[in-house]
Amino acid sequence: MKVKAGASVKEQTTVQTGADLLVHALIDQGVDTLFGYPGGAVLPIYDAIYRAKGSFDHILPRHEQGAIHAAEGYARVSKRPGVVIGTSGPGATNLVTGIADAMMDSIPLVIFTGQVAKGVIGTDAFQESDIMGITTPITKHNYQVQDLEELPRVVKEAFHIATTGRPGPVVVDIPKDISASIHNKKIESDFHLPGYQPTIKPNPLQINKLHEALLEAKKPVVLTGSGIIHSEASSELIEFVQNYQLPVASTLLGLGAYPGSDDLFLGMAGMHGTYSANMALYECDLLINIGARFDDRLTGNLEHFAPHASVAHIDIDPAEIGKNVPTAIPIVSDAKAALASLNEKKVYVLDHQDWVAKLEGNKKEFPLWHDQPEESIVPQWLLQKVYEYTNGEAVVTTDVGQHQMWAAQYYSFDRPNRWVTSGGLGTMGFGFPAAIGAQLGDMSSTSVAIVGDGGFQMTLQELSVLQERRLPVKVIIVNNQALGMVRQWQEKFYEERYSESIIDVQPDFVKLAESYQIAGYRFDSQKEVETKLPEILADDQPALIDCRVLQKENVYPMIAPGKGLHEMIGVKR
Ligand SMILES: Cc1ncc(C[n+]2csc(CCOP(=O)(O)OP(=O)(O)O)c2C)c(N)n1
Ligand SMILES: [Mg+2]
């Protein structure tokens, strides 16, 4: 349903059902885009959406997983919560992967699921599933509405909880009898959540401690996580880093928080991080983690993680501090508020010039590298070209696998909210629908989905949305005819036993695109990339590009499982 803004719900509404109450509540929240799929238990909600024509845009994916990843992409780019609707039973369970994904990466989503009528809950009614039980461990909070009168308050609370503190997904399960019931009185929506009061401002004593530690440090380093992006703290971060001339390493999800092209930026750290970023974390004496959660793909073997450092950790979620890494200076705070407090302190010149010079030297001496045969498309080179042709300005989304790591390594982000990837859960099939949502979240930029030939086949049905909406999303399949990351691990750690990781039977992706009335291209050579890709990327129409790349390429550097940050393989001078 494509609708124009403007018409008022009140004018069009004759019956007032629980579903109308929900729709009013969404309008009150300023929701402009819904990602959803109808079904029996949400028919009253879809009827209310029909009555509210003109109030929001409803995107109909072709699978609920597409809806929720699109909502994630929308939320990451627009900074507004993604709103999802699914029916009970299979509709709700199809959302589960996306809910878990959003939970791991702290993406604010509000997900409305239909439920069977209250009177039959627990009877194995048609399309009944216990979505409360299923989503309890993968949501920030979940509700099952028990009474019509609760609905407006619950919706308000759900948006509040999803978007404040550490963001995350909130599920609101609505039994069909509640959304269908008629009401005619004014219902209160005020809420009071005394048990939920996230700590936003840092303790000034802890800020003093960090400031003092900084002045004594000889080898300080800043680790930037996505908490900086969520709290929109990039300008405070840049001021802090520049004041003290601090080297910066980033997590996968933190890319873009600090400008990737700045000299002080060492690159992504972790399993496929740069030599200079990883060695900075290994050798530092003060590690300032801002909004990262010390995930195992970042730290490698904890025994060798920052072994000489005193650790300061700024995080809005107290549960993250000290969870994986002993922390000398815990600071529970919003990243923006903590950085603003630090920036109020007197700035001193640190005694760390040798350290900064060494790290910048590492960056030059041990850069990312790849082979460059004459004709064939090398995936790393392809990503560099995509960066070049888009001037580093595209919104880049990815699937999970080798192409994701190459995108993280070779597409440099100078601003936040341009990089949308599935970090914590590592969800194949995320990249393409996320690009659709990201495009809708920022129509002024082009979204480029960098996807694997494996992952794309998990959610390619969403080509229908591109067909319908003509969104200028570009899908670049980094086609190595393999589950490349699996193949790489089998090559390195399973003596080249390629068990079920080579995909030599594939659809004709060009014809597939064309069957959705989308321009399809297949590139086999560097020349084709160079002559055709710039134009395709600049066009305002959707396109799918099947890039045949070398199958045997691996992602380097790499920290093998169980190894420490200093034990990278595939480092070259
Ligand atoms: C839903 C899901 N299933 C399985 C995996 C395990 N896995 C991680 S990477 C990968 C290979 C991905 O292949 P492809 O999409 O072609 O990307 P490539 O690594 O080749 O770039 C697999 C199977 C996963 N991350 N997600
Ligand atoms: Mg592949």
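Order of appearance sets the numbers: ligands from 1, and atoms from 1 within every ligand.
- Taking backbone and side-chain atoms together, Gly484 has no N/O/S atom less than 2.8 Å away from the Mg ion (ligand 2).
- Put simply, the angle at the Mg ion (ligand 2) from O in Ala482 to OD1 in Asn480 is close to 90°, to the nearest 10°.
- Enumerated by chain and number, the residues approaching ligand 1 to less than 4.0 Å through a heavy atom are Val400, Gly401, Gln402, His403, Gly426, Met428, Gly452, Asp453, Gly454, Gly455, Met458, Asn480, Ala482, Leu483, Gly484, Met485, Val486.
- Within the 2.8 Å limit, Gln402 places no N, O or S atom next to the Mg ion (ligand 2).
- His58 NE2 to Tyr37 OH: the interatomic distance, rounded to the nearest 0.5 Å, is 10.5 Å.
- Annotation for Lys552: atom NZ does not count as buried by contact number, only 12 or fewer foreign heavy atoms lying within 6.0 Å.
- When the shell of 6.0 Å around OH of Tyr494 is examined, it contains 12 or fewer heavy atoms from other residues, nucleotides or ligands.
- Within 6.0 Å of atom CZ in Phe126, 12 or fewer heavy atoms from other residues, nucleotides or ligands are found, so the atom counts as exposed in its surroundings.
- The local environment of NZ in Lys563 is sparse, with at most 12 non-hydrogen atoms from other residues, nucleotides or ligands closer than 6.0 Å.
- Atoms CZ and CD1, from Phe509 and Ile518 in turn, are 13.5 Å apart once rounded to the nearest 0.5 Å.
- Taken to the nearest 0.5 Å, the OG atom of Ser106 stands 8.5 Å off from the NZ atom of Lys140.
- The 12-atom threshold is exceeded at CD of Gln372, counting heavy atoms of other residues, nucleotides or ligands nearer than 6.0 Å.
- For the Mg ion (ligand 2), the nearest N, O or S atom contributed by Asp453 is named OD1.
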